[in-house]
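Quick note: residue numbers are just sequence positions, from 1.
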Amino acid sequence: MQVKIEQSWAKALEQEFNQPYFEELARTLHQQKAEGTVIYPPGNRIFYAFELCPLDRVKVVILGQDPYHNPGQAMGLSFSVPEGIAPPPSLKNIFKEIESDCGIRMSGYPNLEKWARQGVLMLNSVLTVIASRPASHSRIGWQQFTDSVIRTVSDRREGVVFLLWGNYAKNKAPLIDATRHHILTAAHPSPLAGGAFFGCRHFSRTNEILVSEGLSPIDWQL
């Protein structure tokens, strides 16, 4: 089937789009929309992470779970919300850790497109959600698709830094070839984790790894 996604990803994932599970996933989304169900993010933002970060530019992967389910928040990038929307609690904690870790002042600007354009794949494991119903699309096939995305990055890239926060993300580690890539794990940045995320120093460590690989570091400041 035809899927509107960035060209390098379209080529790498071509066989995935023709799998029965993905065709059923697409039918589910089309049917729900036809019935008037509100789904986030908007259709043109479902694959936005791939648009901003082509496969051959991936240096870092930040794995989230599913999109924000409140109006105006989801934009197709894990943890990110559009400008004009208040940063959710997890994102606020990410900014606090960057400030502590890297010694830089964050403005609170919540749109993470700048990171994505530098080679950070801001990937949610589930790419859509029904409004006000968290995890409502967790069983329609997205995880099979994004598991394939993770394996594709692992197979086709070298020296990528995977940031796995929380048990859900950590469970994706077996999809990654740890002999070719770098896996950093920490507690989830959500306040529900009781602040265990703080002190992980993943942002400075990521840049140290990238520089050691001969790659440019990420400018985390927003």
Side-chain angles (χ1 to χ4, degrees), residues 1-29 41 43-67 74-80 112-129 137-186 202 206 209-210 212-216 218:
M1 64 181 296
Q2 287 291 105
V3 175
K4 293 183 178 179
I5 191 171
E6 188 276 331
Q7 185 176 2
S8 66
W9 287 109
K11 184 176 181 180
L13 300 170
E14 181 178 10
Q15 292 185 343
E16 210 66 27
F17 295 128
N18 293 316
Q19 295 294 322
Y21 86 87
F22 196 91
E23 295 180 350
E24 180 61 26
L25 185 162
R27 279 194 293 270
T28 298
L29 293 177
N44 64 351
R45 284 292 184 264
I46 291 175
F47 296 108
Y48 196 43
F50 303 90
E51 178 182 331
L52 296 187
C53 187
L55 178 56
D56 62 357
R57 294 185 56 198
V58 177
K59 299 192 292 188
V60 180
V61 176
I62 296 181
L63 186 65
Q65 191 162 348
D66 67 340
M75 58 177 293
L77 304 177
S78 60
F79 295 101
S80 180
L112 307 183
E113 289 176 345
K114 176 182 174 181
W115 296 357
R117 294 184 192 280
Q118 295 178 77
V120 183
L121 181 63
M122 311 291 299
L123 181 67
N124 276 319
S125 181
V126 177
L127 299 187
T128 57
V129 68
H137 280 172
S138 62
R139 298 179 182 271
I140 68 171
W142 278 127
Q143 293 187 64
Q144 187 171 342
F145 174 73
T146 55
D147 282 359
S148 179
V149 170
I150 295 169
R151 283 192 293 264
T152 297
V153 173
S154 179
D155 292 344
R156 301 197 180 203
R157 301 290 292 152
E158 294 283 347
V160 171
V161 183
F162 288 83
L163 303 183
L164 307 183
W165 299 334
N167 290 334
Y168 181 88
K170 291 175 187 177
N171 287 336
K172 302 296 183 179
L175 302 171
I176 304 161
D177 184 348
T179 68
R180 298 172 56 192
H181 301 284
H182 310 273
I183 302 174
L184 302 183
T185 63
H202 277 188
T206 292
I209 291 168
L210 293 177
S212 74
E213 297 273 0
L215 300 170
S216 57
I218 305 298

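- Taking CG of Leu52 as the start and CZ of Phe47 as the end, the distance is 14.0 Å to the nearest 0.5 Å.
- Minimum heavy-atom separation, Ser125 to Thr146: O-OG1, 2.6 Å.
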Practice task
Carefully, step by step, assess Trp142 and Thr128 under the rule side-chain contact (heavy atoms from CB on, under 4.5 Å).
Solution key: CA-CA 8 Å; Trp142 278 127; Thr128 57; 2.7 Å; yes
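- Of the possible polar contacts, none joining the Arg156 side chain to the Leu55 backbone as a donor-acceptor pair under 3.5 Å is found.
- One distance of note links CG of Asn124 with CD1 of Ile46; it measures 12.0 Å at 0.5 Å rounding.
- Judged by distance alone, the side chain of Ser154 and the main-chain N or O of Asp177 form a donor-acceptor pair under 3.5 Å.
- In terms of modelled atom types and a separation under 3.5 Å, the side chain of Thr206 and the main chain of His202 share a donor-acceptor contact.
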Practice task
Applying side-chain contact (heavy atoms from CB on, under 4.5 Å), run through Phe22 and Leu13 and close with a yes or a no.
Solution key: CA-CA 11 Å; Phe22 196 91; Leu13 300 170; over 6 Å; no
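- When ring centroids are compared, Trp115 and Phe79 stay outside the 6.0 Å threshold.
- For Lys59 (side chain) and Ser216 (main-chain N/O), a donor-acceptor pair under 3.5 Å exists by modelled atom type.
- For the ring pair (Phe, Tyr, Trp, His ring centres under 6.0 Å) test, no residue two or more places apart in sequence or in another chain qualifies with Tyr48.
- A donor-acceptor pair under 3.5 Å is absent between the side-chain atoms of Ser80 and the main chain of Met75, judged by distance alone.
- Proximity of a side-chain donor or acceptor of Trp165 to a complementary backbone N or O of Ile62 within less than 3.5 Å is not detected.
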Practice task
Show your reasoning for whether side-chain contact (heavy atoms from CB on, under 4.5 Å) applies to Lys172 and Gln143.
Solution key: CA-CA 10 Å; Lys172 302 296 183 179; Gln143 293 187 64; 3.8 Å; yes
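- Expressed to the nearest 0.5 Å, how far CZ of Arg45 lies from CD of Glu51 amounts to 6.5 Å.
- Residues Asp66 and Tyr168 have side chains not in contact (no heavy-atom distance under 4.5 Å, counting atoms from C-beta outward).
- Residues satisfying the ring pair (Phe, Tyr, Trp, His ring centres under 6.0 Å) criterion with His182, sequence neighbours excluded, are absent altogether.
- Distance check: Glu23 CD to Asn18 CG gives 6.5 Å after rounding to the nearest 0.5 Å.
- When each of Leu215, Ile209, Leu163 is checked for a side chain to side chain contact (heavy atoms under 4.5 Å, CB included) with Val60, only Leu163 meets the rule.
- Looking at His137, its side chain never comes within 3.5 Å of a backbone N or O of Pro67 through a donor-acceptor pair.
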Exercise for the section: Any chance you could lay out the salt bridge (charged side-chain N to carboxylate O under 4.0 Å, His left out) test for Lys11 and Glu14, step after step, and finish with the verdict? Expected result: CA-CA 5 Å; Lys11 184 176 181 180; Glu14 181 178 10; over 6 Å; no
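- For the pairing with Val160, the side chain to side chain contact (heavy atoms under 4.5 Å, CB included) check across Leu121, Ile176, Val153, Ile150 returns one residue only, Val153.
- Annotation: Glu158, atom CD; neighbour count of heavy atoms from other residues, nucleotides and ligands within 6.0 Å is above 12.
- Remark: Leu175 CG to Ser148 OG distance equals 9.5 Å, nearest 0.5 Å.
- What you find for Arg157 and His181 is that their closest heavy atoms are O-CE1, 3.0 Å.
- Across every non-hydrogen atom of Phe145 and Phe17, the tightest pair is CE1-CE2, 3.5 Å.
- Counting only distance, with no hydrogens or angles, the side chain of Gln118 and the backbone of Lys114 share a donor-acceptor pair below 3.5 Å.
- Note: Lys170 NZ to Leu63 CG = 12.5 Å, rounded to the nearest 0.5 Å.
- By the side-chain contact (heavy atoms from CB on, under 4.5 Å) test, Pro54 is found to be paired with Glu6, Ser8, Asp56, Arg57, residues two or more places apart in sequence or in another chain being considered.
- Residue-environment remark: CD (Gln7) stays at or below the threshold of 12 foreign heavy atoms within 6.0 Å.
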